[in-house]
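Everything on this sheet refers to the single structure shown next.
Both backbone and side-chain heavy atoms feed into the values below; hydrogens, waters and symmetry mates do not. Worth saying up front: this structure is predicted, and the values here are computed from it rather than measured.
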Amino acid sequence: MEQQLKQLEQEALTKIQAAANLKELNDVRVAYLGKKGPITDLLKGMGKLSPEERPKMGALVNAVRENVTAQLEQRATVLEEQAIQEQLEKESIDVTLPGRQVRSGNRHPLTRVVEEIEDLFVSMGYTIAEGTEVERDYYNFEALNLPKGHPARDMQDTFYITEETLLRTHTSPVQARTMEAKKGEPIRIISPGKVFRRDNDDATHSHQFMQIEGLVVGENIRMSDLKGTLDKLAKKMFGEDREIRLRPSFFPFTEPSVEMDISCFKCGGSGCNVCKQTGWIEILGAGMVHPNVLEMAGYDSKKVSGFAFGIGAERIAMLKYGVDDIRHFYTNDSRFLSQFHRTEG
Ligand code: DAH
């Protein structure tokens, strides 16, 4: 029995040393010291021994158990340290590596143009009105003095959804909606938003683009008010030394109607490629609100008058930032968009 015990101890010690990790070590502990292990068995078998042999064997078994336990603990300490070391090596970081650059976003150039124009008009007491992109034929055309069958409807190739609903072709329906809602009250609004036309996309056309509508209605609103307002706009967007020029034009919802040009910001008026050698650049359409439009929205055209204008945001952005293709605004190419990192306020 003593022999057997020594052999067991040897075996256990060898296995303890061979255990490669804490799990294997635990398996060894269970195998030798566990309830069903051989050492427990030996202790259980002591009853069969003679009374003289019993204490001697008892002491021997205990000594073996203590030795194995001590070795297990020692090995466990070594393995734990090893595990920590391995973990540390795995997780080690090279603090000399350059950091990853955090790329910050920036405003889209069209958003910038819209916000600049909003800032100007809000500072002059305007509020910002919103319309809907899916619009009724009534607001997009009829309430703007463009009854069904009016030839001027052809100027705006339209995406119809049904006979009566369409994707708005301009932001002007917000004029009619606002007047209807204000029920005869004075109005001072601008309204930026998306508009849609059934155009083939090319460098200067896009089936979707942005406009900013302006509308002022009240007593004694005159053409000179329109002119002064547009002059402020031109100077804010293209520089204090810009001059404006109004040319007669036609829109069914304004009378008289004008087209506004600014003096060329590149050559100052002497003629260059930006102004096509004319010294002037066409910027927007505007006019005095047509009496029919006022009347349809419930305003008394004998008592109040108004002016309106419509700006193409892409056109402003293209001129301001020298962009030669309208499609750049919509392709989400970061090489293009990242050039508009805002440096000034
Ligand atoms: N809605 C016109 C267009 O899309 C632009 C326009 C012209 C708007 C004159 C106006 C205006 O408010 O008075 O072509």
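- A distance below 6.0 Å separates the ring centres of Phe309 and Phe121.
- Residue pairs meeting the side chain to side chain donor-acceptor pair (under 3.5 Å) criterion with at least one partner in residues 63-84, sequence neighbours excluded, are Glu9-Asn67, Asn62-Arg65.
- Annotation for Asp202 and Ile326: closest pair O-CG2, 3.4 Å, computed over non-hydrogen atoms.
- Proximity of a side-chain donor or acceptor of Thr40 to a complementary backbone N or O of Lys36 within less than 3.5 Å is not detected.
- Of the possible polar contacts, none joining the Gln211 side chain to the Gly310 backbone as a donor-acceptor pair under 3.5 Å is found.
- Atom OG1 of Thr278 is separated from atom CZ of Arg245 by 6.5 Å, given to the nearest 0.5 angstrom.
- Here the OH atom belonging to Tyr139 is positioned 10.0 Å from the OG1 atom belonging to Thr178, to the nearest 0.5 angstrom.
- For Lys148 against Glu164, the heavy-atom pair with the smallest separation is NZ-OE2, 3.1 Å.
- A distance below 6.0 Å separates the ring centres of Phe238 and Phe265.
- Of the inter-residue distances, the one linking Phe209 atom CZ with Leu110 atom CG reads 12.0 Å to the nearest 0.5 angstrom.
- For His328 and Tyr321, the ring centers sit 6.0 Å or farther from each other.
- More than 12 heavy atoms of other residues, nucleotides or ligands sit less than 6.0 Å from atom CD of Gln17.
- Residue pairs meeting the side chain to side chain donor-acceptor pair (under 3.5 Å) criterion with at least one member in residues 185-201, sequence neighbours excluded, are Asp201-His207.
- With a 6.0 Å radius and a threshold of 12 heavy atoms from other residues, nucleotides or ligands, Lys232 has its NZ atom at or below the threshold.
- At least one donor-acceptor pair under 3.5 Å links the side chain of Arg112 to the backbone N or O of Phe340.
- For Lys182, the NZ atom sits in a loose shell: 12 or fewer heavy atoms of surrounding residues, nucleotides or ligands are nearer than 6.0 Å.
- The hydrophobic cluster containing Leu319 also contains Met237, counting ILVMFWY residues as joined when their side-chain heavy atoms lie under 4.5 angstrom apart, directly or transitively.
- The two residues Leu144 and Ser172 make their nearest non-hydrogen contact at CD1-CB, 3.6 Å.
- Expressed to the nearest 0.5 Å, how far CD1 of Ile189 lies from CD of Glu213 amounts to 7.5 Å.
- If you check the side chains of Glu243 and Ser263, you find no donor sitting under 3.5 Å from an acceptor.
- For the pair Leu167 and Ile161, the tightest heavy-atom approach, listed with the atom from each and the gap, is CD2-CD1, 4.1 Å.
- Scanning both residues, Cys272 and Lys266, for their nearest heavy atoms gives SG-CB, 3.9 Å.
- There is a path of hydrophobic side-chain contacts, each under 4.5 Å, that joins Met124 to Ile212.
- Among all heavy-atom pairs drawn from Ile221 and Met288, the shortest one is O-CE, 3.4 Å.
- Partner of Thr169 under the side chain to side chain donor-acceptor pair (under 3.5 Å) criterion, out of Thr158, Asn140, Asp157: Asn140 alone.
- Between the side chain of Asn145 and the main chain of Val293, no donor-acceptor pair closer than 3.5 Å is present.
- Considering only residues two or more places apart in sequence or on other chains, Arg327 meets the salt bridge (charged side-chain N to carboxylate O under 4.0 Å, His left out) condition with Asp325.
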